[in-house]
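To start, the structure under review is shown below, and the notes come after it.
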Amino acid sequence: MAPRRITKKVLKVEDKQLRDYELVLIISPEVVEEKLDATIDNVSQFITGKGGTISNVDRWGKRRLAYPIEHFMEGSYVLTRFSLKPALSKELETNLRISEEVLRHLLVKIE
């Protein structure tokens with residue numbers, strides 16, 4: 001029974017530590033510049049509001065897609081590097097899936 005308690009304690013310690021991530025967003029080309037800024041700010045506020053830190057936000061601009069996504073042939077790309085608690089990454093991805101402006105996203109854990 002003792003190993004289970006040790007395992008639980010280790011998991012709790014890992015949940016408190018921040019992990020590094022990269023997030024690439026493809027935002028709909030129909031989104032105007034002000035709404036694009038608001039979408040990026042919403043993601044940033046979610047991360048910082050949950051105790052994370054953002055190290056870099058890099059806008060790549062509009063690019064042509066390799067294949068159509070929801071009948072769009074281009075999208076605005078944004079790369080964000082940040083640190084966040086591992087338990088909150090699922091919540092972030094859920095919020096991105098719900099967002100109507102975000103066509104696709106990719107969240108990658110950096111080792």
Side-chain angles (χ1 to χ4, degrees):
M1 203 101 186
R4 287 187 180 179
R5 289 182 186 164
I6 292 171
T7 304
K8 288 181 182 178
K9 288 181 182 178
V10 169
L11 289 175
K12 288 180 182 177
V13 169
E14 285 181 8
D15 285 346
K16 293 178 183 176
Q17 295 175 349
L18 297 180
R19 183 169 286 156
D20 293 331
Y21 292 96
E22 280 188 347
L23 173 67
V24 177
L25 299 174
I26 303 176
I27 300 173
S28 170
E30 291 182 344
V31 173
V32 294
E33 190 67 30
E34 294 80 25
K35 186 87 172 181
L36 179 68
D37 292 339
T39 303
I40 295 168
D41 287 343
N42 286 341
V43 173
S44 299
Q45 287 175 3
F46 175 85
I47 294 167
T48 55
K50 300 289 184 175
T53 58
I54 297 174
S55 59
N56 188 19
V57 176
D58 190 15
R59 294 182 182 200
W60 294 347
K62 282 190 180 180
R63 304 239 173 146
R64 186 166 174 79
L65 302 174
Y67 55 90
I69 300 175
E70 297 179 19
H71 305 293
F72 295 115
M73 288 305 296
E74 63 179 18
S76 299
Y77 282 70
V78 179
L79 170 69
T80 306
R81 290 186 179 94
F82 62 94
S83 298
L84 188 66
K85 293 178 185 174
L88 298 172
S89 64
K90 296 271 190 222
E91 187 177 345
L92 174 62
E93 286 195 290
T94 301
N95 289 339
L96 292 172
R97 267 189 229 107
I98 293 171
S99 174
E100 294 178 6
E101 293 86 17
V102 178
L103 297 178
R104 288 282 193 278
H105 72 277
L106 178 65
L107 181 65
V108 179
K109 176 177 67 172
I110 300 173
E111 293 296 327

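Position 1 is the first residue of the sequence; numbering continues from there.
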Problem set entry | Positive for side-chain contact (heavy atoms from CB on, under 4.5 Å) with Lys50, one of Gln45, Glu91, Lys85 |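 The option that passes is Glu91.
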Nearest 0.5 Å, what's the [atom1]-[atom2] distance between [X] and [Y]?
X	Y	atom1	atom2	answer
Ser99	His105	OG	NE2	10.5 Å
Ile27	Ile40	CD1	CD1	5.0 Å
Glu93	Leu106	CD	CG	8.5 Å
Glu22	Ser55	CD	OG	8.5 Å
Ile47	Leu18	CD1	CG	11.5 Å
Leu88	Arg19	CG	CZ	12.0 Å

Indicate, with yes or no, if [Y] and [X] share a hydrophobic cluster defined by side-chain heavy-atom contacts under 4.5 Å among Ile, Leu, Val, Met, Phe, Trp and Tyr.
X	Y	answer
Tyr77	Leu107	no
Val24	Leu92	no
Leu65	Leu25	no

Quiz item: Applying salt bridge (charged side-chain N to carboxylate O under 4.0 Å, His left out), which residue pairs with at least one partner in residues 51-69 are found, sequence neighbours left out?
Solution: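 Of all non-adjacent pairs touching residues 51-69, those that pass salt bridge (charged side-chain N to carboxylate O under 4.0 Å, His left out) are Glu33-Arg59, Asp37-Arg59.
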Exercise for review: Output every pair passing salt bridge (charged side-chain N to carboxylate O under 4.0 Å, His left out) with a member in residues 96-106, not counting sequence neighbours, ordered by first then second residue.
Suggested key: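 The answer is Lys35-Glu101.
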- request: For residues Ser89 and Leu84, report the shortest heavy-atom separation together with the two atoms involved.
  value: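 Between these two residues, the closest heavy atoms are N-CD2, 4.2 Å.
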**Request:** Check Lys109 against Tyr21 and note the closest heavy-atom contact, atom names and distance.
**Result:**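 Shortest heavy-atom separation between Lys109 and Tyr21 comes out as CA-CD2, 3.8 Å.
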Side-chain contact, heavy-atom cut-off 4.5 Å: [X] with [Y]?
X	Y	answer
Leu96	Leu23	yes
Ser76	Val31	no
Pro29	Leu103	yes

Would Ile26 and Trp60 count as a side chain to side chain contact (heavy atoms under 4.5 Å, CB included) if you check the C-alpha gap in whole Å, the side-chain angles of each, and the deciding distance to 0.1 Å?
CA-CA 10 Å; Ile26 303 176; Trp60 294 347; over 6 Å; no
Inset, instruction - Walk me through it: do Val43 and Phe82 pass the test side chain to side chain contact (heavy atoms under 4.5 Å, CB included)? - result: CA-CA 11 Å; Val43 173; Phe82 62 94; over 6 Å; no
